[in-house]
Each structure stands twice: as structure tokens, then as C-alpha cells.
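Please read these numbers as outputs of a predicted model, since none were measured by experiment.
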Amino acid sequence: LTYYGLLAAVAIWLNWITLNFMSVSVFAYSWIVPLTLSLLILLFRALGIAINTRAEELGLPVLENEATWSRRQARHRSDEISDHLKSVYGLIQVHKYQEAWQQLDEILRRRHYADEDEYFHRLCQWDDKALALKLGQTFIDRLLKAEEMDRVVRVCQQCLDMAGSRFRFSSGSALLRMFEAETTRSLRLRLMEILQQFETDYPQHPQTTTALLRLAKVQLADAGDVNAARGTLRRALERDPDLKQSPVFVKLLREIKDHDQGSHSA
């Protein structure tokens, strides 16, 4: 727009000079010439900026500006990711999942997990979700370690969308830490379905009692299932009789009793 405005101004100005060349006094040339040169310089500068900005579209070799450099870098990264995933996809096609995962893991480690979001996003688009879910497990672990709770909730949600309650975290500790994040009631209910299998999925886990208390809390507060919460607390107490002294256990038990009393009075 600036270029076309200057072009119009220069055209009008040169046209006026041409029409009035003979009638202009010699003194007037002392300001006409500098003004004309300034307009021409501005015009060519604007033309240069316009060409430099659109050089990539025009196919012209110019010194790279920040915008074109950023676009070129983004395109290079995108092409590189596509090349990496092409070979991984070939292994998935012939059901060589272990080899595919080893290759992907090696790629990510070599890149220090740069663009892991993009790798995960693309894997989620594949019909076969096995590798996306495997990456989701380790991605969640890294995000939890980095305390990036907003991102970990998003990745967890995507994994649950793909696999539902069949999704498994890499460890019981990772599953429990998900409840430390700011989550919606809907997500907590989905995590509750996985947490119900904690004793089976992570046998002899040192935090099993903690997991049962967490499960009872979600069953009571989010699912509104008092009987399920009561049963979970009973299982927790069987595992650890000293749990009666736990403030969390006492609080949950009181809430269940309050609910029972409210039901009887109603």
C-alpha cells in the first residue's frame, strides 16, 4: 500500500514538472530537484521492501529477512518431522511396533525432545493409535517432571480420547500426580475409571493406600457414589489398619456419615 501510494505521488509530481518545466523559475529548482530525488529514493526503498517481503513467493534470491527466515525454519522442521515419521510409519504398517517405537524414541532423544508436541499431534492422526499412546505415556512423564501441568492435562485428555479407560500411565505415580493438576470434573471421572484398576495395574505399589483414598474422594465428590466410596475406604483400611489415624481417611469417613445422616433425616 505504501509503495503504490508513493508510486502515485511520484507519477503526479513528475507529470506536473513535465507540464510546467518551461514556466518554473531557476530558483524553484533548488527545492524541486531535492524533493524529486527524495521521492524517487523513497519509491525505490518501498519497492525493495515489497520485493524482499514477497521474495519467497516471487522466487527471487534476496537477503533473508526475519519473516522469511522463520517460515523457512518452520518448513524445514515440518519436512524433517515428515521424513522421520515416514520411516516409522513403514514399520507400523508391517506391525513392527517395537522397532517403530525404538526408532521414534531415538529420534526424539537425538533432538532433545524438541517439537515433541508436533510428533505427538501427527501420531494422533494415524488410524493405528498404538504409537501415539506409547508416546503419550512418556510425554506425560516428561511434562509432569517439568511441572508443565496445563500441557500434561491436554496430552492426557488426548490419550483418553483415543483409548478411554483402556489407557494406562507408565506408572502408578504418574496417574496419581494427574490429580494434582487443575482438571475438570469430566476428566477426573475418566481418570477414576483407570484408578479403579490401580491394584491390578500396579501390584505392590507403595502408594496403593494413597490411590485408594484418592479414588474414594473422587467417587464421593465427583461421582456422588457414596456406597462405592465406602467400599473403597474399607479396602484401604484392610490394607493399612493404621489408616484410622489419617486426617484424609477421617475426613472422608465423616463426609460419608454426614451423607448417611442426611439421607435418613430426609
Side-chain angles (χ1 to χ4, degrees), residues 97-98 101 105 120 129-263:
Y97 294 101
Q98 187 61 31
W101 170 247
D105 188 48
F120 179 66
K129 309 295 186 184
L131 207 60
L133 292 170
K134 178 66 175 175
L135 178 57
Q137 286 182 328
T138 59
F139 197 7
I140 285 172
D141 289 344
R142 280 186 285 277
L143 292 174
L144 286 172
K145 185 177 180 180
E147 301 287 340
E148 296 189 45
M149 306 310 280
D150 289 340
R151 290 176 70 196
V152 81
V153 167
R154 176 175 54 79
V155 173
C156 177
Q157 186 72 61
Q158 287 176 275
C159 290
L160 291 174
D161 288 343
M162 288 186 287
S165 60
R166 293 180 292 104
F167 178 68
R168 290 296 178 266
F169 291 82
S170 65
S171 67
S173 301
L175 171 56
L176 290 175
R177 285 210 60 198
M178 282 304 307
F179 288 94
E180 298 174 12
E182 291 290 333
T183 56
T184 63
R185 176 176 176 272
S186 173
L187 181 55
R188 287 194 297 275
L189 289 174
R190 299 180 76 178
L191 289 171
M192 181 189 75
E193 296 179 27
I194 303 173
L195 193 58
Q196 288 171 335
Q197 306 301 319
F198 193 93
E199 293 167 287
T200 303
D201 294 335
Y202 313 105
Q204 307 303 317
H205 196 284
Q207 291 179 287
T208 299
T209 303
T210 301
L212 290 171
L213 291 177
R214 173 63 69 178
L215 175 59
K217 182 177 180 180
V218 178
Q219 288 170 330
L220 188 61
D222 295 305
D225 193 337
V226 179
N227 289 330
R230 185 184 290 110
T232 301
L233 286 183
R234 190 178 298 115
R235 279 161 49 204
L237 193 59
E238 289 172 357
R239 294 184 65 90
D240 183 4
D242 295 332
L243 204 58
K244 290 180 180 180
Q245 310 304 319
S246 165
V248 177
F249 179 87
V250 172
K251 183 175 183 295
L252 287 170
L253 195 60
R254 185 185 303 117
E255 289 177 3
I256 290 174
K257 289 180 179 179
D258 289 344
H259 180 276
D260 290 341
Q261 289 173 358
S263 299

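Between His205 and Tyr202, the two ring planes are perpendicular [angle over 60°; tilted spans 30° to 60°].
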Apply side chain to side chain contact (heavy atoms under 4.5 Å, CB included) to Val152 and Phe139, showing your working.
CA-CA 8 Å; Val152 81; Phe139 197 7; over 6 Å; no
Side chain to side chain contact (heavy atoms under 4.5 Å, CB included) for Glu255 and Lys217? Distances and angles first, verdict last.
CA-CA 10 Å; Glu255 289 177 3; Lys217 182 177 180 180; over 6 Å; no
Dump the intermediate steps for salt bridge (Lys or Arg N to Asp or Glu O under 4.0 Å) on Glu180 and Arg214, then the final yes or no.
CA-CA 11 Å; Glu180 298 174 12; Arg214 173 63 69 178; over 6 Å; no
Evaluate the criterion salt bridge (Lys or Arg N to Asp or Glu O under 4.0 Å) for residue pair Arg234 and Glu238; output intermediate values, then yes/no.
CA-CA 6 Å; Arg234 190 178 298 115; Glu238 289 172 357; 5.8 Å; no
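Residues Leu160 and Leu191 meet the side-chain proximity criterion, which asks for heavy atoms closer than 4.5 Å. A heavy-atom distance below 4.5 Å is not found between the side chains of Leu252 and Thr232. Taking the side chain as every heavy atom from C-beta outward, Leu220 and Val226 approach each other to under 4.5 Å. Residues Asp161 and Gln157 are in side-chain contact: their nearest non-hydrogen atoms beyond the backbone lie under 4.5 Å apart.
Taken to the nearest 0.5 Å, the CE atom of Met192 stands 11.0 Å off from the CD atom of Gln197. With values rounded to the nearest 0.5 angstrom, Arg151 atom CZ is found 5.0 Å from Leu143 atom CG. Note that SG of Cys159 and NZ of Lys129 are 11.0 Å apart. Values are rounded to the nearest 0.5 Å. The distance from atom OG1 of Thr209 to atom CG of Asp242, rounded to the nearest 0.5 Å, is 10.0 Å. Rounding to the nearest 0.5 Å places CE of Met178 at 6.5 Å from CE of Met149. Interatomic distance, CZ of Arg239 versus OG1 of Thr208, reported as 4.5 Å (0.5 Å rounding).
Within the 3.5 Å criterion, the main-chain N or O of Asp150 finds no donor-acceptor partner in the side chain of Glu182. The closest donor-acceptor contact from the side chain of Arg188 to the backbone of Thr183 lies under 3.5 Å.
For the residue pair Arg142 and Thr138, a side-chain donor N or O sits within less than 3.5 Å of a side-chain acceptor on the partner. Defined by atom type and a distance below 3.5 Å, a donor-acceptor pair is present between the side-chain atoms of Asp141 and Ser170.
For the residue pair Ala211 and Leu195, the shortest heavy atom distance occurs at O-CD2, 3.8 Å. Residue Met162 comes nearest to Arg166 through the heavy atom pair O-NH2, 3.9 Å, listed as atom of the first residue, atom of the second, then distance. Residue Leu233 comes nearest to Leu253 through the heavy atom pair CD1-N, 4.1 Å, listed as atom of the first residue, atom of the second, then distance. For Ala236 against Leu212, the heavy-atom pair with the smallest separation is CA-CD1, 3.7 Å. Between Val153 and Ala181, the closest heavy-atom pair is CG2-CB, 3.6 Å. The nearest pair of heavy atoms linking Ala130 to Tyr97 is CB-CE2, 3.9 Å.
Counting non-hydrogen atoms of other residues, nucleotides and ligands closer than 6.0 Å to CD of Glu147 gives a total above 12.
Here ring pair (Phe, Tyr, Trp, His ring centres under 6.0 Å) pairs that include residues 168-189, with residues two or more places apart or in two chains, are Phe167-Phe169.
Taking a cutoff of 4.0 Å between a charged side-chain nitrogen and a carboxylate oxygen, Arg190 and Asp222 do not qualify as a salt bridge. Between Arg154 and Glu148 there is no salt bridge, since none of the side-chain N atoms of the basic residue sits less than 4.0 Å from a carboxylate O of the acidic one.
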